[in-house]
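Atom set for the values below is all heavy atoms of this structure, side chains included, hydrogens, waters and symmetry mates excluded. Just follow the structure's listing: the first ligand is 1, and inside any ligand the first atom is 1.
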Amino acid sequence: MVRTVYVNGEYLPESEGKISIFDRGFLFADGVYEVTAVVKGRLVDHDSHMQRLARSLQELRMGWPCTRAELDAMHLELIRRNRLEEGIIYMQVTRGAADRSFNFPKEAVKPTLVAFTQTMNLVNNPNAVTGIKVITTPDLRWARRDIKTVMLLAPSLGKQEAYEKGCQEAWMVENGRVTEGTSSNAYIVKGGKVVTRGLSNEILAGCTRRALLRLASEYGIEIEERAFTPEEAYGADEAFLTSASQFVMPIVEVDGHRIGGGQPGPVVRKLREIYLEEAGK
Ligand code: PDD
């Protein structure tokens, strides 16, 4: 089955989805994106992703490519056309195409909107059984990480470094403290308490994080929002990450230090279970 993608109002076979070489997303990374999980053919935390998209667009003074209702319909149509049961929808908005100039285009240009699906094993991801390994690496990103821009070179380099060291994710470190993963939020568990960095311009406000913190408090699991050091992580009882494409993922090694005896611990297993229950509804 040939994948159907969405490009500026049209549904096309993936080989026909094309954008201009003058697109500012391509030339300046002048674009924002969202990745939304799909489980049982339904969107997970969709409203949260759309709220964050609205904020990203506003922070960059970028226009909406269409209405919210049209965006919702487009997501559903991509699921339908691709018969997507489980995976993600990637969508990207850029400021549009204009002759190259650092300034915003003088004439009004239409924002570019593209989206596509990827089939993925989210619920029965085998990594969730074994847990994954992470390294730490310096955080080389800009100062507005709260905006979900497509400027992903530093995260890409970090993730590649992790893969080359036999790990699946890199936790980025700034001023001696973990900010977040290259494509996920970071957590440790100590004495039954979950520790994760508080929201600021230094990290992305994860939609999965938001849902998880709500669920955790409903289940009486204590959360402490503060930054932690890699050394604290080495000595933690448990560690994990969250993202739309991994949900709640146990971490069993940080920089070669085994966490919790190298097995996913009880708190992360419980949190994954309650998040999956919610996501599957
Ligand atoms: N990344 N922090 C960063 C830097 C991220 O890129 C992501 C998501 C998150 C988690 O946010 P959420 O829970 O809303 O997915 C945190 C997506 C999945 C990606 O780039 O593929």
Show the atom names and distances, to 0.1 Å, of all donor-acceptor pairs under 3.5 Å that link a side chain in residues 111-124 to residues at least two apart or in another chain.
residue: Thr112; atom: OG1; partner: Asp23; partner atom: OD2; Å: 2.5
residue: Thr112; atom: OG1; partner: Thr94; partner atom: OG1; Å: 3.3
residue: Asn121; atom: ND2; partner: Asn124; partner atom: O; Å: 3.4

For Glu238, salt bridge (charged side-chain N to carboxylate O under 4.0 Å, His left out) partners two or more places apart: none
Taking only residues two or more places apart in sequence or in another chain, which ones pass salt bridge (charged side-chain N to carboxylate O under 4.0 Å, His left out) with Arg80? Glu77
Using a strict cut-off of under 4.0 Å between a residue heavy atom and any atom of ligand 1, list the qualifying protein residues by chain and number. Tyr33, Val35, His49, Arg52, Arg141, Lys148, Glu180, Gly181, Thr182, Ser183, Ser184, Asn185, Leu204, Gly206, Cys207, Thr208, Thr242, Ser243, Ala244, Ser245
So do the side chains of Leu53 and Trp64 get within less than 4.5 Å of each other, counting heavy atoms only? yes
Do Leu204 and Arg52 have side chains that approach each other closer than 4.5 Å (heavy atoms only, starting at C-beta)? yes
Where the side chain of Thr196 meets the backbone of Ala186, is there a donor-acceptor pair that is under 3.5 Å apart? yes
